[in-house]
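Okay, structure first, notes after.
Naming convention: chains lettered A, B, ... in sequence-line order (proteins, then strands); numbering from 1 in each chain.
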2 protein chains.
Amino acid sequence: MEGDAGMPVGPSDRTPSVRNNADLFSPVSVGRISEVIVEQMRLLIREGKLVPGDRLPSERSLCERFGVSRVTVREALRVLEAGGLVEIRVGARGGAFVTQPSSERIGEGLAQLMTLTAMTASDVTEARMVFELGILPLVVERATEDDIADLRVLVEQGLSALESGSYTMAMSAAFHVRVASSTHNPAIEMLVHSFHGPMLMSLQQAQVAAPLMGPRGAHEHFELVEAIEQRDVERARAIMTRHLQRTADRLAEDRDPSLADLGSGQ
Amino acid sequence: MEGDAGMPVGPSDRTPSVRNNADLFSPVSVGRISEVIVEQMRLLIREGKLVPGDRLPSERSLCERFGVSRVTVREALRVLEAGGLVEIRVGARGGAFVTQPSSERIGEGLAQLMTLTAMTASDVTEARMVFELGILPLVVERATEDDIADLRVLVEQGLSALESGSYTMAMSAAFHVRVASSTHNPAIEMLVHSFHGPMLMSLQQAQVAAPLMGPRGAHEHFELVEAIEQRDVERARAIMTRHLQRTADRLAEDRDPSLADLGSGQ
DNA sequence: ATGAGCTAATGGTCTGATGGTTTGCTACTA
DNA sequence: TAGTAGCAAACCATCAGACCATTAGCTCAT
C-alpha cells in the first residue's frame, strides 16, 4: 500500500523523446475475466432479469456459455457470494441462487469491516442517536395501528423474557428496528438494522450485553410505544434520548473500548 | 488432505434406534476449506498480526502452508478481495496486500445493496434529510479550522466548475461527505458516504444530475460553510433543510423514480 | 407405506501446465 | 558513461481434466 506510493503512476516519466501524445493511449488492460462475469451477473440482478430465488445455471453450464474454465466461473461465484448476492447450495438441484438482499446481511458485512476500522462503539452509538432520534417525528406521524400492535407485542415479550432472565440484546435490537420500520421507509429501516448488527455482535462477545439492558431499558421501550400511540413527539424524543444516552454512558464508562478490541475478546 | 475430511466424523446418522436426542448433535459439516482460510486471515488482520501494507505470502507459499491446492487459496483470496480486505497485484513482487479499510470502501458495499433493494430515490432522500440535518449540531460544535478551510476549497471548486459548466454530482457529494467528516466520527462519515453512492450512480445515469444542482445549490453550500464557521446551528439547519428539500422536490416531480429503474436507464 | 439403496446432478477440491505481467538485472550500444 | 534493449525470475490468471462428497429423486423389496 505504501511501498509503491512513490511509483511512477503517470505514463509520462520515462523516455523524454516522444511525450506529447502520452494521454492519447488509454490503458488496454481488460482486467480479470472473472470480474467481467461478476459485473455481468450484477447487472442482470440489478435489472431484474434475475430475481431473488432464481437459480443460476450450473457451474459447468456457465463455463460453456462464457467460454471459460470452471475455475474462472467459480471465482466469480465466490465474489458474488461474498457480496451477498447469491447463495450456493451443494448437491443435486444445488447451484447458485439469487438471494433476497436483507438489511441483516448488509449489517453483517458492515460489522466485519467496522471491526477493522478505527471506529469505536461510541462512534456507532452517536450515529445511532442522531438517526434514531431524527426519525421519531416520522414514526409518530406515520405509525399505523398494526405498527403499534407489533411494538406492543415486542415489549411484552421483552418484559416476560426479563423475568425469566432470558432477555437478549437481539430482542432490544428487534424492537428498535421495528420502530424504524414504522416510518415505512425501507432505507431507514435498513440503516437501523445495519447499525444494530455490529453493536450486537461486539457487545455480546464482550459480555456487557446482560447488564446493559435491564428493567429500565425494557420499561423505556414500553413508554416509547405509549408516546408513539399518543402522537407525542416531544415525549417520544425525551424517552429515546434518555434510553440511548444510558447506553452511551455505559459504553463510555466501560473504558470506551473500540469494536476491534471487543471483537478479539480483549 | 480431503480424503479424510469425508471420514465418519459424526456418529449420529445411521442406527435408527435412538432418535429423541436428535438436537444433541451439532451439524458436522466443516464447510468450505477456502472459508476456513478466509476466517483465519480475517482473524490475523483483526488481531493486528497483519497490518495494512503488509504483503501476504504468494499463492504457492500459502498452498504449502495450508496444505491445500492453489484453487482453494485463490478462492479465499477472491473473497478477501471482494470484502475489501486485500488488494491483489500481478507481476513480480506482486501478491496480496492488506489494504487500509476506508469508510468509502465500506459505504460502497452498502450502496451496492441499496440499489438492489426496493427503495425509491425519495426514500433515500428522506433518510438523508434525517441524517444530514441531525448531524449539523455536531458539525457546528466540532468543526476545526482545517475542516472549514477544506470546505471553503470545495465550495470554490464548485463555483468555478459551475462557470465552466463542468459541475458534477460527484462534487456535490464530496462536499456533503466533507461536512459529515467534520463531526470527526467515522461511523457518521461512512453513512453519509454510502448515501451518496447510490444517489450519484442512479441520478447521473438518468441525466437529471445537471439540472438538479444549479447555481442555487452551489450558493447554498457557500452559505452553509459560513453558518458553520459562525457556529450558528439554526441557520445551518435552515440552509440545509432548504437545500435538501429542493433535491427532494426535484425528485418528486420527476416521476418519483425508483433507484432500480434509474439504474437500468428506464 | 416405509425405508434402504441406487443414480444422476452438482459443487468442492486436486494436479499439472501454460501464458501474461511486472520487476530487476545484464549486456550491449552510442 | 549513459541509455536502452533484452533476458530471467517471480508472480498471478487461466485452462483442462479428474475425483470425491453431498443431495434429491427414484426404484424396489419388505
Restricting both atoms to N or O, compile the protein contacts to nucleotides 6-8 of chain D shorter than 3.5 Å, with distance only.
none

Please tabulate the protein-to-nucleotide N/O contacts below 3.5 Å involving nucleotides 9-13 of chain D, giving atom names and distances.
unit_1	atom_1	unit_2	atom_2	d
D:dA10	N3	B:A92	N	3.4
D:dC11	O5'	B:R55	NH2	3.2
D:dC12	OP1	B:E59	N	3.3
D:dC12	OP2	B:E59	N	3.2
D:dC12	N4	B:R60	NH2	3.3
D:dA13	OP1	A:R32	NH1	2.5
D:dA13	OP2	B:R74	NH1	2.9
D:dA13	OP2	B:R78	NH2	3.1
D:dA13	N7	B:R70	NH2	3.3
D:dA13	N6	B:R70	NH1	3.4

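Taking atom CZ of B:F66 as the reference point, atom P of C:dC14 lies 12 Å away to the nearest angstrom. Atom-to-atom, CD of A:E64 to C1' of D:dC15 comes out at 15 Å; the value is rounded to the nearest Å. Remark: C1' of C:dT10 and CG of A:L62 are 12 Å apart, rounded to the nearest angstrom.
The salt bridge (charged side-chain N to carboxylate O under 4.0 Å, His left out) search around A:E39 returns A:R42, not counting sequence neighbours. For A:S164, the side chain to side chain contact (heavy atoms under 4.5 Å, CB included) criterion is met by A:S166, not counting sequence neighbours. With sequence neighbours excluded, no residue forms a salt bridge (charged side-chain N to carboxylate O under 4.0 Å, His left out) with A:D123. For A:T99, there are no side-chain hydrogen bond (donor to acceptor under 3.5 Å, both in side chains) partners two or more places apart in sequence or in a different chain.
Legend: salt bridge (Lys or Arg N to Asp or Glu O under 4.0 Å) pairs involving residues 61-72 of chain B, not counting sequence neighbours, sorted by first then second residue: B:E59-B:R70. Under the salt bridge (Lys or Arg N to Asp or Glu O under 4.0 Å) criterion, no residue pair touches residues 166-175 of chain A, with sequence neighbours excluded.
A salt bridge between A:E35 and B:R78 is absent, with no side-chain N of the basic residue lying under 4.0 Å from a carboxylate O of the acidic one.
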Atom pairs and distances, side-chain donor-acceptor, residues 82-96 of chain A, under 3.5 Å, sequence neighbours left out:
none

